[in-house]
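Below is one structure, written out as structure tokens; the observations come after it.
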Amino acid sequence: MAQKPSIPKGTRDFSPTEVAKRNYIFSTIKQVFETFGFQPIETPSFENSDTLMGKYGEEGDRLIFKILNSGDYLNKVDESFLKDKDSLKVTSKISEKALRYDLTVPFARYVVQHQNEIEFPFKRYQMQPVWRADRPQKGRFREFYQCDADVVGSKGLWQEVEFVQLYDAVFNKLKLEGVTIKLNNRKILAGIAEIIGEKDKLIDFTVALDKLDKIGANGVIKEMQEKGISEKAIEKVQPLFSFNGTNLEKQDQLQEMLSNSEEGLQGVTDLRFVVNTIETLGLKSSKLTIDVTLARGLNYYTGAIYEVSAPEGVNMGSIGGGGRYDDLTGIFGLKDMSGVGISFGLDRIYLVLEELNLFNEVDLPKPKVLFVNFGEVEALYCMKALAELRKNNIKSELYPDSAKMKKQMNYANRRDIPFVVIVGTNEIANKKFTLKNMQTGEQQLCSLEELLKITIQH
RNA sequence: GUGGUUGUAGCUCAGCUGGUUAGAGCGCCGGAUUGUGGUUCCGGAGGUCGCCGGUUCGAACCCGGUCUUCCACCCCA
């Protein structure tokens, strides 16, 4: 055999079974999105580079897949850039398009571009693949799907409450118990940075804090020191390292800690509203907890920050995340348009459901009835019955060749088709069908009406 | 981008300190069995040992590079 073909690193093929399971997740999320009032949009898989570049930080730019220009692209590049091996400058000359890195930035672009056709507040959902030139590892791929729901044009906190409910509704539908929805607020983080006198190091400070459960308090202190955060400031942050208790206790502690920061207090008020409303209304199967170390995600979050972690015992990064971004469309020239949204990581949810064996209910689109093919006359007789079965939405097929019986039975057996219909000269003469149940091995002679009745019931 | 790890038949894997013709199980194809699958028995096909180069009389095995897998870091869904 010739050299086996392959697919690029971090991409995957999906078998019929896998597609069925993925579609089950897709349709569940989609259904919940729609019941919450969101409408779908789609955007191109690639955008102009300047739409994407610079929106995800330096690290993000590195991870964006760039698309080479067509034609003799090197011809137009300045000799000196090539000589200097200046990748950055050469890249911008030879590539003007790039693959979508997430769904939020293209959505912001969409809103700005279509602002006159959109009815605000605009609630849209979008389920499409995104690409990142990352190094693959567990639950991390270079091509994966995000399922996003966002609202733009409203600052209302009710929407933030609804997103928590939406997460809960989806996981409840998927029968995924024990998911933790973590909630934080960027204003609280900003307030803390202000209180400790490190306002300009907000990002470094939050990134380090975010690693608390992974590298522990000492690790966080070490990273903060490396980033040049003062000892005094680190001292003041100490209470956060052992921050626990109920959501209510956490709110009170934060309130006290941030009493001298207007912004911080606003964050506590917002957080309080969402958490208390959810506690009044209740959740079906997820838990909501305040997590002040939660800082991950994109730099553009300005208010609420969500992150969803898999149930305890499942080793998987976050399976969803989101937050509020007041200035998102600002980068494309539309001011004062607040947005808030969440995202589901389909591929990771898949892995979690697989690990917990929660795919039992997925109905594979495999045929229920196979007609054995004995030849032209018999096949024609079968085709007439097939039309009736299909009219009744019974997945059924005729074996395409008049092959040996053993081969046809074997095919039905391996594909786990529950019924086989055998039609030969006897059956045709009597206007009947021999219906064989492949599980029990029983078979009976029956009319078309009986055949329909049995297969519909099954 | 950094560090580690993996690659032998369709699949899961053996393969000795480097030594003839690289093996097993499962699967696949054919037959026993011309209208009856799953079980059994018999037979068969299938491999440039990821790729390129080097060392050697000789490389699946040693060395270098490269691609790929998985894992950790960075970052993230």
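Owing to the predicted nature of the structure, the values given are computational and were not obtained by experimental measurement. As a basis for the values below, the full set of heavy atoms in this structure was taken, side chains included, without hydrogen atoms, waters or symmetry mates. Proteins come first, then strands; the chains are lettered A, B, ... in the order of their sequence lines, and each starts at number 1.
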Can you tell me how far C1' in G47(B) sits from the matching atom in C11(B), rounded to whole Å? 14 Å
In short, ring-ring contact (aromatic ring centres under 6.0 Å, His included) pairs touching residues 430-452 of chain A with sequence neighbours left out are Tyr381(A)-Phe433(A)
Could you list by number each residue of residues 440-458 of chain A showing a heavy-atom separation from RNA chain B of less than 4.0 Å, or answer none if no residue does? Gly441(A), Gln443(A)
Of all residues at least two apart in sequence or in a different chain, which pass the ring pair (Phe, Tyr, Trp, His ring centres under 6.0 Å) check with Phe36(A)? none
Which ones in residues 344-354 of chain A lie close to RNA chain B, meaning a heavy atom under 4.0 Å from one of its atoms? Arg348(A)
What pairs meet the ring-ring contact (aromatic ring centres under 6.0 Å, His included) rule with one or both residues in residues 435-458 of chain A, with sequence neighbours excluded? Phe419(A)-His458(A)
What distance, rounded to whole Å, do you find between the two C1' atoms, one in A60(B) and one in A22(B)? 8 Å
Base, sugar-phosphate, or nothing: which does Glu427(A) touch, judged by heavy atoms less than 4.0 Å apart? base
Could you tell me whether a side-chain N or O of Glu160(A) sits under 3.5 Å from a main-chain N or O of Val340(A), the two making a donor and an acceptor? no
Identify every side-chain donor-acceptor pair in residues 435-443 of chain A under 3.5 Å, counting partners at least two apart or on other chains, and give the distances.
unit_1	atom_1	unit_2	atom_2	d
Asn437(A)	OD1	Gln439(A)	N	2.8
Asn437(A)	OD1	Thr440(A)	N	3.2
Thr440(A)	OG1	Glu442(A)	N	3.2

N/O donor to acceptor pairs below 3.5 angstrom from side-chain atoms of residues 351-359 of chain A, sequence neighbours left out:
unit_1	atom_1	unit_2	atom_2	d
Glu354(A)	OE1	Lys21(A)	NZ	3.2

Sorted by chain and number, sequence neighbours left out, ring pair (Phe, Tyr, Trp, His ring centres under 6.0 Å) with Tyr399(A) holds for Tyr411(A)
What does the 5'-to-3' dot-bracket notation of RNA chain B look like when only Watson-Crick and G-U wobble pairs under 3.5 Å count, and pairs to other strands show as |? ((((..(..((((.....[...)))).(((((.......))))).....(((((..]....))))))..))))....
Contacts under 3.5 Å, N or O only, protein and nucleotides 26-32 of chain B:
unit_1	atom_1	unit_2	atom_2	d
C28(B)	OP1	Arg414(A)	NH1	3.3
G31(B)	OP1	Lys404(A)	NZ	2.3
G31(B)	OP2	Lys404(A)	NZ	3.2

Checking only heavy atoms, does the side chain of Arg62(A) share a donor-acceptor pair with the base of C75(B) at less than 3.5 Å? no
Take atom NZ of Lys214(A) and atom C1' of C71(B), then tell me their distance rounded to the nearest Å. 12 Å
How would you label the contact of Ser318(A) with the nucleic acid (heavy atoms, under 4.0 Å): base, sugar-phosphate, or nothing? sugar-phosphate
Ring center gap for Tyr101(A) and Phe65(A) short of 6.0 angstrom: no
Can you tell me, in whole Å, how much space there is between the C1' of G4(B) and that of C49(B)? 24 Å
Between Lys55(A) (side chain only) and Asp50(A) (backbone N and O only), is there a donor and an acceptor less than 3.5 Å apart? yes
Can you tell me, in whole Å, how much space there is between the P of C42(B) and that of U36(B)? 23 Å
When you measure from the side chain of Gln408(A) to the backbone N and O of Ala403(A), does any donor-acceptor pair fall under 3.5 Å? yes
Interface polar pairs with nucleotides 67-70 of chain B, N/O, under 3.5 angstrom:
unit_1	atom_1	unit_2	atom_2	d
U68(B)	OP2	Lys9(A)	NZ	3.3
U69(B)	OP1	Gly10(A)	N	3.4

Nearest-Å distance once atom C1' is located in both U69(B) and U6(B): 6 Å
Is atom NZ of Lys30(A) surrounded by more than 12 heavy atoms (other residues, nucleotides or ligands) closer than 6.0 Å? no
With sequence neighbours excluded, tell me which residues meet ring pair (Phe, Tyr, Trp, His ring centres under 6.0 Å) with Phe26(A). Tyr145(A)
Take Gln439(A) and Ala133(A), find for each the nucleotide of RNA chain B with the closest heavy atom, and name the residue whose nucleotide sits nearer the 5' end. Ala133(A)
